[in-house]
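Written below as structure tokens is the structure these notes are about.
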Amino acid sequence: MDQLFDLDPTEAVKKVSGLLGCSPTSEKVAEYFDENDKLRHLRGNFLVPKIADLPPSDLSLVDGSEECIYLCGNSLGLQPKNARKYLEEELDNWAKLAVHGHTIGSRPWAWAENNLEDMMAKIVGAKTEEVALMNGLTVNLHLLMLSFYKPTSTRHKILLEDKAFPSDHYAIESQIRLRGFEPADSMLLLSPRPGEHTLRTEDILDVIEKEGDAIAVVMFGGVQFYTGQLFDMQAITKAGHRKGCFVGFDCAHAVGNVELKLHDWEVDFACWCSYKYLNSGAGGLAAAFIHEKHKDTIKPTLLGWWGHNLNTRFQMTNVMELQPGVNGFRLSNQPILLVCSLQASLEVFNMTSMQMLRRKSVLLTGYLEYLIKHYYTEDPAQPNKPYVQIITPSDPKHRGCQLSLSFSVPIKKVFQELEKRGVACDMREPSVLRVAPAPLYNSFRDVHRFIETLGKALAASST
Ligand SMILES: *Cc1c(COP(=O)(O)O)cnc(C)c1O
């Protein structure tokens, strides 16, 4: 029944409940989805914490020996089992080979990150030479802006979401000041319409059309971290280019979550971190993308020896032979220990494709949405019953795996009661619970357990 995964999620739930003769809310439906999920085995490559090991768990309420309900891959992905093995290999190499580790072994330190770039490029729909693994996300955003943001007196604005991730907001603010402009004049912040939670594509395109001549760079998230909205990156890129703007995306919440085609969409530049859906561990190695069309024209503003052609890098001539495109933006030699955990995760992605993961994700998140709506739609006949509003768009084309939930009751208590019962998700100020079933390792059973637990948490928080 693999075709189930091509149905609209509500149809799929109804079909399975009909087939099994059970209620659409029965856990048997979740089990059936899991049995028919061709990617189910991928979970076995990750370490899922036990409930007893999570600090907020209350073992008088739940069985601590069970795996937790981990719906927090949008914040920190789970540890791939091979991470420890690869780290130990390099610690051994360091102990036994010391400086020779730079050039010897399966992962020579001097170019270790290069071995991962084809896997990373596949995940974002780029050519290998368009992607560089380096630094942290905010650092990469700065390095890219230094080359793409060249404001003039008439074209000095940067268009971004009003509630962009704080680091992106600060980075852009400081880039504007660095160039002698004022954020109040040059930062164009786009808000949803009054009463709406997410931006309409038409409104984004409209602003670009109307103000594009004054916009130097359009800099959006791929998936909005707070609302979970997936932007139409291709349409935004096209609209920006029509007005002569550069268009870049912060793909922190999009990479490993939705299908990206950075090359085909002709995105000018992008950056992302690897510790969210890409599971490389906190502070993992980040990435940058520059479209190949810019490889000989867009140059790095800041140089380091890692931007030098690898073949002659160690001749120490002090005459820069700059690598083309994003490779010229490298500055320092790579943290090999960060390469290890990222490799462990990318190898799991490499066992499947983003297309297959996305197909599962649409059903997995659709199933979550179905159950939330079933139990927690506002009911005027029961004014005291708590209800949940999903602020994430309901069209799968406009979202990734995350749903952002707002509650009719105070959220903090609900969140605490969920945590006591072994759920890992996160609360974001002012009032949203972010729940993200990651298709790489979450199961339909996880979603069902979450809904059961949410019922208990809401009951407990209203007493
Ligand atoms: C997670 C995230 C960051 C974090 O930046 P770091 O430099 O990795 O600390 C920045 N921007 C966005 C959009 C994010 O989602």
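Just so you know, ligand 1 is whichever comes first in the structure, and atom 1 is the first atom listed for that ligand. The chain is numbered in sequence order, starting from 1.
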Checklist line | Contacting atoms of ligand 1, where contact means under 4.0 angstrom from a heavy atom of D250 | finding: 11 (N), 12 (C), 13 (C)
Notebook entry, point to check: Are the aromatic ring centres of F269 and H294 under 6.0 angstrom apart?
Noted result: no
Next item on the list: Specify the protein heavy atom at minimum distance from atom 4 (C) of ligand 1: its residue, its atom name, and the distance to 0.1 Å.
Entry: Y275 OH, 3.2 Å
Note to self: Applying a heavy-atom cut-off of 4.0 Å, say which part of L137 lies close to ligand 1: side chain, backbone, both or neither.
What the structure shows: both
Next item on the list: Note the single closest protein heavy atom to atom 7 (O) of ligand 1, along with its residue, its atom name and the distance in Å.
Entry: T138 OG1, 2.6 Å
Item checked: Subset of ligand 1 atoms that lie under 4.0 Å from at least one heavy atom of H253 -> 15 (O)
Check: In terms of atom number and element, which parts of ligand 1 are under 4.0 angstrom from non-hydrogen atoms of A252?
Finding: 12 (C), 14 (C), 15 (O)
Check: Hey, is K293 close enough to D268 for a salt bridge, meaning N to O under 4.0 Å?
Finding: yes
Checklist line | Parallel, tilted or perpendicular: ring planes of F225 versus F165, cut at 30 and 60 degrees | finding: perpendicular
Item checked: Closest protein heavy atom (residue, atom, distance) for atom 2 (C) of ligand 1 -> K276 NZ, 2.4 Å
Notebook entry, point to check: What is the closest protein heavy atom to atom 11 (N) of ligand 1, and at what distance does it sit?
Noted result: D168 OD1, 2.5 Å
Check: Closest approach of Q323 and W306, non-hydrogen atoms and distance?
Finding: NE2-O, 3.2 Å
Checklist line | Atom NZ of K413 with >12 non-hydrogen neighbours under 6.0 angstrom | finding: yes
Notebook entry, point to check: When you look at CZ of F314, are more than 12 heavy atoms from neighbouring residues, nucleotides or ligands closer to it than 6.0 Å?
Noted result: yes
